[in-house]
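Single-structure report; data block below.
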Amino acid sequence: MSIRPLYAFVMGALLMIAACDSEQVAQTEMTVLRIGVLPDQNREALERRYNPLFGHLWRALKTSHEFVLTENYNELLEKFIAGRVDLAYFGGLTFLKARATSGAVPLVMRDVDKRFTSYFIVRVDDPATSIEDHKGGRFCFGSRLSTSGHLMPRKFLVERGVVPEDFFAKVCHTGAHDKTAYRVRDGLTDLGVVNALVLKSMLADGRLSKFDVRVLWETPPYPDYVWAVRATLGPEARQRIRDARRRGAFFTTSIC
């Protein structure tokens with residue numbers, strides 16, 4: 001599928017997930033809630049980010065939980081499809097793949113995910129004023145399955161008349177947003193694109209300095225992440241998870 005039909009499909013489906021699947025037959029109730037998230041940063045950063053949420057869920061649900069860490073985006077999809085993950089934090093593209101293959105049910109979404117953005121970043125001492133200044137340079141996406149690190153940035157580049165594989169001398173896929181940021185910082189690539197919130201968190205917690213990288217361009221907004229559960233997780237369990245959402249950085253807007 002070319003980039004334009006794929007973009008239209010992903011965006012259209014994300015904007016329609018408020019319509020829940022009433023025909024799904026759900027059976028399984030919770031004993032242990034197995035939670036998986038996209039491995040868009042290193043293990044320590046993921047644990048630091050999500051442990052407060054897991055503690056909140058444990059207190060609210062009175063159910064044991066297991067944090068299922070994966071090596072890449074595709075492994076998270078495979079574990080979810082195989083029934084080895086019950087609740088997953090997907091990007092737009094990975095959610096639609098999970099929905100198409102295993103009937104993943106959307107539950108909640110953060111307010112920020114309705115208008116998400118990506119940053120194209122360069123070293124702070126790079127004199128470029130636009131993406132076009134890096135014609136013939138080295139460029140890095142994140143994971144191939146990342147909405148914010150690949151799908152949407154590619155779409156916006158094409159709209160500017162920039163076909164990455166033709167425009168840049170070298171195009172790489174790092175697999176994670178933090179890896180892309182580090183490659184830019186270390187001079188291993190000239191230009192990279194990352195999830196806007198991941199870059200902000202890296203600057204806030206000291207993994208990056210304001211003297212390391214700067215934002216060259218911010219994309220227009222687009223819908224992205226969603227928390228979803230297995231189709232076989234029972235309606236009572238779904239409702240308990242939905243009711244456990246809290247106001248703040250993780251669960252803010254109920255989907256269905």
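These numbers were taken from a predicted model, which means no experiment stands behind them.
Put simply, the side chain of Val171 reaches to within 4.5 Å of the side chain of Phe141, judged on heavy atoms. Inter-residue side-chain proximity for Arg160 and Trp217 is flagged as met; some heavy-atom pair is nearer than 4.5 Å. In this structure, His177 and Tyr182 have side chains that are not in contact, with every pair of non-hydrogen atoms separated by 4.5 Å or more. Side-chain contact between Asp113 and Val226 is absent, with no heavy-atom pair separated by less than 4.5 Å. Considering only heavy atoms from C-beta on, Val193 stays 4.5 Å or farther from Ile121 through its side chain. Side-chain contact between Arg185 and Ser209: absent, with no pair of heavy atoms (C-beta onward) separated by less than 4.5 Å. Using a 4.5 Å cut-off on side-chain heavy atoms (C-beta onward), Leu76 and Thr94 make no contact. Inter-residue side-chain proximity for Leu69 and Glu47 is flagged as met; some heavy-atom pair is nearer than 4.5 Å.
Counting heavy atoms of neighbouring residues, nucleotides and ligands inside a 6.0 Å radius, atom CZ of Arg115 does not exceed 12 of them. Heavy-atom contacts from other residues, nucleotides or ligands closer than 6.0 Å to CZ of Arg43 number 12 or fewer. Within a 6.0 Å radius of CD in Glu71, no more than 12 heavy atoms belonging to other residues, nucleotides or ligands are found.
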Applying side-chain contact (heavy atoms from CB on, under 4.5 Å), run through Thr189 and Thr180 and close with a yes or a no.
CA-CA 8 Å; Thr189 193; Thr180 301; 5.7 Å; no
Pair Asp133, Thr129 - check side chain to side chain donor-acceptor pair (under 3.5 Å), show working.
CA-CA 7 Å; Asp133 289 339; Thr129 59; 3.1 Å; yes
May I have the step-by-step check of side-chain contact (heavy atoms from CB on, under 4.5 Å) for Tyr89 and Arg110, ending in yes or no?
CA-CA 11 Å; Tyr89 185 51; Arg110 301 174 304 175; 2.8 Å; yes
Trace of the salt bridge (Lys or Arg N to Asp or Glu O under 4.0 Å) decision for Asp126 with Arg123
CA-CA 5 Å; Asp126 188 310; Arg123 283 174 56 93; over 6 Å; no
I would like to know whether Gln41 and Arg207 meet side-chain contact (heavy atoms from CB on, under 4.5 Å); could you show each step before the answer?
CA-CA 11 Å; Gln41 302 179 70; Arg207 282 178 288 161; 2.8 Å; yes
Test log, rule salt bridge (Lys or Arg N to Asp or Glu O under 4.0 Å), inputs Glu78 and Arg84
CA-CA 9 Å; Glu78 290 175 349; Arg84 296 164 62 186; over 6 Å; no
Step by step, would you call Arg34 with Arg230 a side-chain contact (heavy atoms from CB on, under 4.5 Å)?
CA-CA 11 Å; Arg34 297 164 298 182; Arg230 291 187 293 113; 3.9 Å; yes
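Between Phe90 and Phe80, the angle of the ring planes goes over 60°, which puts this pair in the perpendicular group of the 30/60° scheme. Ring geometry for His150 versus His173: interplanar angle over 60°, hence perpendicular rather than tilted (30 to 60°). Aromatic ring pairs are classed by plane angle as parallel below 30°, tilted from 30° to 60° and perpendicular above 60°; the pair Trp227 and Tyr50 is perpendicular. Ring geometry for His65 against Phe54 counts as tilted: the plane angle lies between 30° and 60°, on a 0 to 90° scale.
Rounding to the nearest 0.5 Å gives a distance of 7.5 Å between OG1 of Thr147 and OH of Tyr222. Within the model, atoms NZ of Lys79 and CD of Glu75 stand 5.0 Å from one another, a figure rounded to the nearest 0.5 Å. Here SG of Cys140 is found 9.0 Å from CG of Leu191. Values are rounded to the nearest 0.5 Å. Taking CG from Asp178 and CD from Glu44, the interatomic distance works out to 10.0 Å, rounded to the nearest 0.5 Å. Remark: Phe168 CZ to Ile131 CD1 distance equals 6.5 Å, nearest 0.5 Å. Separating the CD1 atom in Ile241 from the CG atom in Leu233 is a distance of 5.5 Å, to the nearest 0.5 Å.
Scanning both residues, Glu66 and Val32, for their nearest heavy atoms gives N-CG1, 4.2 Å. Here the closest heavy-atom approach between residue Lys210 and residue Leu203 is recorded as N-CD2, 3.9 Å. Ala104 and Pro106 get closest at one heavy-atom pair: O-CD, 3.8 Å. What you find for Ala169 and Gly136 is that their closest heavy atoms are CB-O, 3.1 Å. The shortest non-hydrogen separation linking Ala176 to Pro39 is CB-O, 3.9 Å.
Ion pairing between a basic and an acidic side chain is recognised when a charged N comes within 4.0 Å of a carboxylate O; Arg240 and Glu236 show no such pairing. Under a 4.0 Å N-O distance rule, the pair Arg48/Asp205 qualifies as a salt bridge.
Leu197 and Met202 fall into different hydrophobic clusters, defined by Ile, Leu, Val, Met, Phe, Trp and Tyr side-chain heavy atoms under 4.5 Å apart, directly or through other members. Both Leu38 and Ile35 are part of a single hydrophobic cluster, where members link through side-chain heavy atoms under 4.5 Å apart. When the side chains of ILVMFWY residues are joined at heavy-atom separations under 4.5 Å, either directly or via intervening members, Val68 and Phe95 end up in a single hydrophobic cluster. Residues Val85 and Leu93 share a single hydrophobic cluster, defined by chaining ILVMFWY side chains whose heavy atoms lie under 4.5 Å apart. Leu87 and Leu46 fall within a single hydrophobic cluster, where Ile, Leu, Val, Met, Phe, Trp and Tyr are joined by side-chain heavy atoms under 4.5 Å apart, directly or via other members.
A donor-acceptor pair shorter than 3.5 Å cannot be found between the side chains of Arg214 and Tyr119. Under the 3.5 Å distance criterion, with hydrogens and angles disregarded, no donor-acceptor pair is assigned to the side chains of Ser148 and Ser118.
Of the candidates Val215, Leu157, Val194, Leu157 is the only one forming a side chain to side chain contact (heavy atoms under 4.5 Å, CB included) with Phe120. Looking at Leu208, Val124, Val122, Asp125 one by one, the single match for side chain to side chain contact (heavy atoms under 4.5 Å, CB included) with Val213 turns out to be Leu208.
Under the 3.5 Å distance criterion, the side-chain polar atoms of Thr101 are matched with a main-chain donor or acceptor of Lys97.
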